Each structure stands twice: as C-alpha cells, then as structure tokens.
Amino acid sequence: MGFDSHLYVETGLVNMYVESGGLAECKKVFDEMPEKNHVTWNVMITGLAKQGEIEFARFLFERMPDRNIVSWSGMIDGYTRMNRYREALCLFRRMVADDRVEPCEITVLAILPAVWNIGDVRICQLIHDYGEKRGFHVSDIRLMNSLIDTYAKCGCIVSASRFFEEISADIKNLVSWTSLISSFAMHGMGKEAVESFERMEQEGWKPNRVTFVSVLNACSHGCLVEEGLKFFKKMANECQILPDIKHYGCLVDMLGRTGRLEEAEKIALEIPCEIANEVVWRILLSACSFYGNVQMAERVTAKIMEIERGYGGDYVLMSNILAGAGRFGDALSVRRLMDERNAIKVPGSSLT
C-alpha cells in the first residue's frame with residue numbers, strides 16, 4: 001500500500017473519530033500522522049469546530065500551513081454555532097481584507113447568522129453587494145433566502161421585501177415565500193404577511209407546517225384573530241397538516257393578546273398530551289396578567305405546576321397577579337412556595 005493510500009486511510013480515521021465525538025482518538029491519529037494534506041487539516045479543524053472544540057480548532061487553524069476557503073468557512077461556522085458572533089465577523093474580515101481569500105457561498109451562509117444576531121444592517125448590505133458582484137445570488141437560492149431573513153432580523157423589512165421581489169419567479173421556492181411571511185410577522189405587519197401567503201398560493205406553492213407557523217405568528221402579532229383561526233382550520237382540514245406545539249402556541253398567543261381568554265384556555269386544554277408543554281400555559285398566564293383575570297390565572301398556574309415547578313418566573317407572575325387583585329396574603333404565600341421549592345428565576349423558553 002502506497003503513501004497516498006496511508007494518508008487517505010488515516011484522514012478517514014480522523015474524520016470518523018471527530019464526527020463521532022471521539023476527540024481523544026482523533027487527536028492521537030492526527031498527531032501521529034507523518035504527513036498531512038489540506039483535506040486532513042480541514043477535516044480536523046471543521047470537525048472540532050462542529051463539536052464545539054472551538055479553541056483547539058483555532059489553535060490548529062493558526063498553524064495550518066496553507067489555509068484555504070474550507071478552513072476559513074469551517075472556523076467561521078464554528079464561531080457562529082457557539083454564539084460567538086463578533087469573533088466570527090472578525091475572522092471573516094481578516095479572511096477578506098488581510099489574507100485576500102474570496103468567500104464562497106458556504107462562507108456567506110455561515111456568516112449571515114452572526115450578522116443578524118449582531119443586527120448590523122450595514123454589514124448585511126456589504127455582503128449582499130459582494131454577493132451580487134460575484135454572482136452568488138443567481139446560483140444559490142439558499143443564500144438569497146438567508147439574505148431576506150437577515151435583512152428582516154437586522155430591522156430592515158423594506159430591504160427584505162425589495163430583495164424578495166427582485167428574485168426571479170422561476171428561482172423562488174417555498175422557503176423564499178416563508179422567509180418573506182416570517183419577515184413581515186417579526187415586524188408586526190400581519191396584513192402584509194397574509195397578503196403574501198395568498199400570493200404564494202396563487203402562484204401554485206403549497207404551504208408546509210413552517211409556513212403556517214409564520215403566518216399564524218403574523219396574525220398573532222397583527223391581532224388578526226379571524227384570519228388566524230381560518231389559517232389554523234385550513235392547515236388541519238385542507239392541507240392535512242397535524243398541528244404541533246408551535247401552531248397551538250401561536251393560536252393561544254393570538255387569542256390571549258386580544259382578550260379572548262376563554263377561547264385560548266379551551267385551545268390549550270385541547271392540545272394532545274404528547275406535545276403539550278408549559279410554554280403555552282405561560283403564554284396564557286401572561287395574557288391573564290395583562291387582562292387581570294385572576295381566576296383563570298390560578299387554573300393556568302396549576303397546569304404549569306403539573307409540568308414544571310422549578311421556574312421562578314411563574315411564581316413571581318402569579319404573585320403579582322394576586323397582589324394586583326388586592327390578595328396580598330395569597331401573593332405572599334406564592335412567594336414563600338417559590339422559596340420552599342428553590343425555584344430559580346431564569347430566562348423563559350420560546351416557541352419559535
């Protein structure tokens with residue numbers, strides 16, 4: 001067996017170990033290899049980055065003899081996965097400005113989540129302009145859809161909408177439409193989201209469960225209750241899509257925001273046991289707090305406690321509701337119960 005065969009086998013071993021989480025084994029094989037090629041280095045660096053071993057991946061990255069676009073993309077993606085967005089952006093800038101390495105579509109897809117998490121629309125625009133010069137947008141619909149999403153999450157719904165309209169009809173896919181609907185939803189533009197959904201159907205696209213989450217969320221934030229109820233029925237009856245916890249959560253939120261608490265509670269009680277969770281009940285508890293419905297709040301809190309007793313925010317909110325109704329003794333009892341159960345006030349969960 002020749003040298004190239006040994007190198008191929010050893011690189012395969014490194015890949016197998018790093019993909020399966022055998023970090024000690026992959027490091028041992030990598031260190032003992034007499035020679036390494038680009039593939040070996042990239043397999044090791046990108047694999048470590050995906051496994052969250054970002055510091056060791058960076059250590060190897062800085063010592064790699066000849067870094068290429070795969071190495072850079074793997075490290076940028078690793079930092080983004082670890083929510084270290086500014087480090088991802090710094091590395092992207094260094095790649096382009098200092099090392100003069102041209103990003104590819106994969107690199108841009110890796111950096112865009114960092115851009116929208118930081119919320120800098122100027123960086124989004126720069127990447128957009130660069131992609132247009134390189135022709136990325138024509139060749140990769142994933143990149144175009146990500147740009148719609150990034151513009152919206154950076155607060156620029158006008159750019160998100162305009163870019164969507166610039167995409168050729170024969171290139172757009174269901175994700176493109178869902179991204180647009182979701183963009184309108186996050187900006188509270190329920191009417192525009194509903195109109196986009198209707199346009200999508202007119203052009204022959206069939207919504208999936210993600211599309212319905214987006215339009216239901218838009219109806220919730222836009223207080224379009226009747227439209228939201230129609231979409232929910234359409235999803236289940238016409239499209240034969242079984243609602244999941246996100247769809248139910250949007251429905252409860254929509255009804256709760258508009259004060260239709262009894263209907264919201266009825267929906268929450270109808271959620272199948274196998275998917276029910278405490279988050280939907282917390283949404284309803286917040287609505288009870290806003291509208292001062294103490295009796296329902298007590299029922300909802302009891303439901304939450306059947307599922308999860310360790311989140312202090314539930315006790316605090318119920319205590320505040322009771323205090324607001326002048327039931328100060330009961331409010332104090334809830335606070336004491338929170339202390340007895342060592343409940344901790346931590347950030348809550350999200351449905352979407």
Side-chain angles (χ1 to χ4, degrees), residues 1-120 122-124 126-131 133-136 139-140 142-143 146-147 150:
M1 186 180 288
F3 170 75
D4 288 342
S5 298
H6 282 296
L7 182 58
Y8 176 80
V9 170
E10 288 172 325
T11 300
L13 278 172
V14 170
N15 183 61
M16 179 188 73
Y17 283 131
V18 77
E19 289 288 335
S20 64
L23 301 180
E25 292 86 354
C26 78
K27 291 174 185 176
K28 184 175 185 296
V29 174
F30 183 84
D31 289 340
E32 292 177 356
M33 290 177 69
E35 295 290 338
K36 306 173 183 70
N37 61 14
H38 276 106
V39 177
T40 312
W41 282 95
N42 287 332
V43 162
M44 187 68 172
I45 290 168
T46 58
L48 288 169
K50 286 179 181 177
Q51 293 290 340
E53 294 284 328
I54 196 69
E55 303 301 340
F56 188 51
R58 183 63 180 267
F59 173 82
L60 293 177
F61 174 82
E62 296 296 347
R63 283 154 183 76
M64 185 175 177
D66 294 300
R67 293 183 286 270
N68 59 18
I69 190 58
V70 178
S71 327
W72 288 98
S73 299
M75 281 303 307
I76 290 166
D77 181 61
Y79 278 122
T80 303
R81 286 170 181 265
M82 297 291 291
N83 302 328
R84 293 166 64 169
Y85 306 118
R86 296 199 178 276
E87 287 163 284
L89 279 169
C90 285
L91 202 60
F92 184 84
R93 289 193 188 99
R94 176 182 154 193
M95 178 188 74
V96 176
D98 299 341
D99 285 43
R100 305 292 180 183
V101 176
E102 293 190 350
C104 65
E105 289 92 335
I106 300 300
T107 324
V108 177
L109 285 168
I111 197 62
L112 284 177
V115 175
W116 60 253
N117 270 285
I118 290 173
D120 194 331
R122 296 170 300 173
I123 300 175
C124 182
L126 287 170
I127 293 173
H128 180 181
D129 293 343
Y130 180 86
K133 290 176 184 176
R134 291 290 309 278
F136 288 168
S139 62
D140 198 332
R142 296 174 304 165
L143 185 52
S146 292
L147 275 169
T150 303

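Computation of the quantities below employed the complete heavy-atom set of this structure, encompassing side-chain atoms and omitting hydrogens, waters and symmetry-equivalent molecules. Owing to the predicted nature of the structure, the values given are computational and were not obtained by experimental measurement. Numbers here simply count residues along the sequence, with the first being 1.
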How far apart are the C-alpha atoms of Thr107 and Met95, what are their side-chain angles, what is the distance that settles it, and do they pass the side-chain contact (heavy atoms from CB on, under 4.5 Å) test?
CA-CA 10 Å; Thr107 324; Met95 178 188 74; 3.7 Å; yes
Run the numbers on Trp72 and Phe61 for ring pair (Phe, Tyr, Trp, His ring centres under 6.0 Å), then give the verdict.
CA-CA 8 Å; Trp72 288 98; Phe61 174 82; 4.9 Å; yes
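The closest side-chain heavy-atom distance from Thr11 to Met33 is below 4.5 Å. Proximity of Glu102 to Ile69: side-chain heavy atoms (C-beta onward) are nowhere separated by under 4.5 Å. In this structure the side chain of Pro103 reaches within 4.5 angstrom of the side chain of Tyr130, judged on heavy atoms. The shortest distance between side-chain heavy atoms of Met64 and Asn42 falls below 4.5 Å. Side-chain contact between Tyr85 and Asn83: present, with at least one pair of heavy atoms (C-beta onward) separated by less than 4.5 Å. Under the 4.5 Å side-chain criterion, counting only non-hydrogen atoms from C-beta, Leu13 is not in contact with Glu25.
The CD1 atom of Ile123 sits 6.0 Å away from atom CD1 of Ile118, with the distance rounded to the nearest 0.5 Å. Here CD1 of Ile76 is found 11.0 Å from CG of Leu112. Values are rounded to the nearest 0.5 Å. Taking CZ of Arg67 as the reference point, atom NE2 of His38 lies at 10.5 Å (rounded to 0.5 Å). Note that CD1 of Ile45 is 9.5 Å distant from CZ of Phe56, once rounded to the nearest 0.5 Å. A distance of 10.5 Å separates CD of Glu62 from CG of Leu60, quoted to the nearest 0.5 Å. To the nearest 0.5 Å, the span separating CZ on Arg58 from CZ on Arg63 amounts to 10.5 Å.
When atom types are taken as modelled, the side chain of Ser73 and the backbone of Val70 share no donor-acceptor pair closer than 3.5 angstrom. Counting only distance, with no hydrogens or angles, the side chain of Thr80 and the backbone of Ala110 share a donor-acceptor pair below 3.5 Å. Glu105 places no side-chain N or O within 3.5 Å of a backbone atom of Leu143 that could act as its donor or acceptor partner.
Side-chain contact annotation: Asn68 with Ser71, donor-acceptor N/O pair under 3.5 Å present. Side-chain atoms of Asn15 and Tyr17 form no donor-acceptor pair, as typed in the model, at a separation below 3.5 Å.
Counting all heavy atoms, side chain and backbone alike, Cys26 lies closest to Met44 at SG-CE, 3.8 Å. Residues Ala49 and Gly78 come closest through the heavy atom pair CB-CA, 3.8 Å.
Ionic pairing of Arg81 and Asp77 is present here: one or more N-O contacts between side-chain nitrogen and carboxylate oxygen are shorter than 4.0 angstrom.
The side chain to side chain contact (heavy atoms under 4.5 Å, CB included) test with Val29 is passed by exactly one of Val14, Thr40, Val18: Val14.
Annotation: Arg86, atom CZ; neighbour count of heavy atoms from other residues, nucleotides and ligands within 6.0 Å does not exceed 12.
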